[in-house]
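Read through the structure below, which is laid out as structure tokens, and then see the notes.
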Protein chains: 2
Amino acid sequence: MRPGLGPLYRQVKQRVIRNLIDEVWKPGDMLPSEPRLAESFGVSPGTVRRALDELVAENLLVRQQGKGTVVSRHDPERSLFHFFRLVDAVGERPTPSSRVLACGSRRAERAEATRLGLPTGAAVVVIDRVRSVAARPLLVERLVLPGRLFGALAELAPEQLPNTLYTLYEERFGVTVYRAAERIRAVAADAREAGLLAVALATPLLEIDRLATTLDGAAVEWRLSRCRTDAHHYAVELV
Amino acid sequence: MRPGLGPLYRQVKQRVIRNLIDEVWKPGDMLPSEPRLAESFGVSPGTVRRALDELVAENLLVRQQGKGTVVSRHDPERSLFHFFRLVDAVGERPTPSSRVLACGSRRAERAEATRLGLPTGAAVVVIDRVRSVAARPLLVERLVLPGRLFGALAELAPEQLPNTLYTLYEERFGVTVYRAAERIRAVAADAREAGLLAVALATPLLEIDRLATTLDGAAVEWRLSRCRTDAHHYAVELV
DNA sequence: TAGTGGTCTAGACCACTTT
DNA sequence: AAGTGGTCTAGACCACTAT
């Protein structure tokens, strides 16, 4: 294809990613078969296969033997499975329910703008909610989204916000979260958090500061969660 | 090789792992070349390659172009890079120093025995230490190790314990940690922790509960750390 | 120069899904 | 029966390392 840009299979991979960014192939779409892709890219099937191997490993594509290869979708299971790391004492993932406290749009505060890479004073959508497991509050969180991408979201009634927002982002706004970076700290519950979570003032809470990005590297959500960790914990596997 | 045991390359992979467990190839050793392995396993080079690909992805092997493939070692950088997830405000990994408070052997308490999969009352080595960054205490932790594997460790003077213990485990005791599971919670500092970390009583701390295992699945270290997170945080990348 | 891993190709056969 | 991804093989050439 082109010299000097690294191995062929990586060039193929980048062209596939390009098509995903440009929405030539959208979440849920079936890709052309591997022989067809090989022909259209002008490389051998083995080279296409290697490129797709990496994209599957990165959760961008899903292979289905006998059927074909599709672009990953944020169905609720996937969202929870890949991005929700709180588990209970025996390692089971809970299925939390959400209660929206507030949802509206306003101008970004300075910290919000810098974190999201927006100009100061840009419009943002802000959602405050509590997530509970078995009627027991687990965490309180604030989400800040760029208004440019999510303007219409602020108009939605709180009841219309689903529990797994990434599915909504994808289906209603064409925004696919594919990666997130989390920073985790321990903090003390303030009065509001203590009330919402039904714990004593200054109870230690786990703070999860998440920045979610799309394929092209743009930050699309800043989420600051504060969690009780008496019945749940954050699970990490190190290899 | 054998039918019904899944793909050939996975059988090859398992035989390589078997050789690692049996210490036919030890950390730092060079493996036979891929054509040689293919011949000895009776498969094609491509099949060996695929097996090694997975083992490299799991950090068990390291390929070096032009030289060969070696078994991964726990050199200090690798230990820190793979298993130490605390970073400072700008995302840099600190290089902590350790001060050992106590190191000795005794019988396991019940929680320790169950966590490590040992019979009740089995001998364990216990290490208490504080780790600091730039003379500022970052965390206090207790490590519990099976006495059967680490008996001689209790005799070492505290000054002889290096900062990155996994290197010591590997070089002196033939124990290679290759995986760890962490459970993270927020807790309040007790009097001892507050003193050691120079924080107020009941300051929120990040508790990291880590169980480290070897290739054959045996638990070889239980580590309970409590960390200040005012200047550092735990970093996770979600994909 | 010889040996190693890294890439790329080509083709065969299998397992699975759909028509 | 046809098409898809999954596996396995075989061989060519390249980039890098050692001697």
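Letters A, B, ... mirror the listed sequences (proteins, then strands); counts begin at 1. As the structure is a prediction and not an experimental result, all values here were calculated from the model.
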### Task
For the side chain of A:Ser44, starting at C-beta, report the closest nucleotide among C:dG5, C:dC8, D:dT9.
C:dC8

### Query
Once you round it to whole Å, what is the distance between P of C:dC14 and CG of B:Leu8?
14 Å

#### Entry: Length of the line joining B:Phe41:CZ and D:dC8:C1', which is rounded to integer Å
16 Å

### Task
Output the distance between atom CG (B:Asn163) and atom CZ (B:Arg129), rounded to the nearest 0.5 Å.
6.0 Å

### Query
Does any N or O in the side chain of A:Arg49 come within less than 3.5 Å of the main-chain N or O of A:Glu34, such that one atom is a donor and the other an acceptor?
no

### Query
How many Å lie between CD on B:Gln11 and P on D:dT7, as a whole number?
12 Å

### Task
Output yes when at least one side-chain N/O atom of B:Arg50 is less than 4.0 Å from OP1 or OP2 of D:dT7, else no.
yes

### Task
Choose from D:dA10, D:dG5, C:dT7 the nucleotide whose nearest atom is closest to any side-chain atom of A:Pro35.
D:dG5

### Query
Is A:Arg49 near enough to D:dT7 that one of its side-chain N or O atoms lies under 4.0 angstrom from OP1 or OP2?
no

### Query
Rounded to the nearest Å, what distance is computed from the CE atom of residue A:Met30 to the P atom of nucleotide D:dG3?
15 Å

### Message
So, using ring pair (Phe, Tyr, Trp, His ring centres under 6.0 Å) as the criterion, who are the partners of B:His233 when residues are at least two apart?
### Response
none

### Query
Counting only N and O atoms by type, is there a donor-acceptor contact under 3.5 Å from the side chain of A:Arg183 to the main-chain atoms of A:Asp209?
no

### Task
Give a yes or no on whether the backbone of B:Val177 and the side-chain of B:Glu170 come within a donor-acceptor separation of less than 3.5 Å.
no

### Query
For DNA chain C, what residues of residues 54-72 of chain A have any heavy atom nearer than 4.0 Å?
A:Gln65, A:Gly66, A:Lys67

### Message
So that I know where these two stand, are A:Tyr166 and A:His82 an aromatic pair - ring centroids less than 6.0 Å apart?
### Response
no

### Message
Between P on C:dG11 and CD on A:Glu34, what's the gap in Å once rounded to a whole number?
### Response
17 Å

#### Entry: Separation of D:dT7 P from B:Asp53 CG (nearest whole Å)
13 Å

### Task
State whether the side chain of A:Arg172 and the backbone N or O of A:Ala152 hold a donor-acceptor pair below 3.5 Å, judged by distance alone.
no

### Query
For B:Tyr9 and D:dC8, is the shortest distance between a side-chain N/O and OP1 or OP2 below 4.0 Å?
no

### Query
Quick one: on DNA chain C, does B:Pro32 or A:Thr47 contact a more 5' nucleotide (nearest heavy atom)?
B:Pro32

### Task
Would you kindly give the CZ-to-P distance between B:Arg36 and C:dA2, to the nearest whole Å?
15 Å

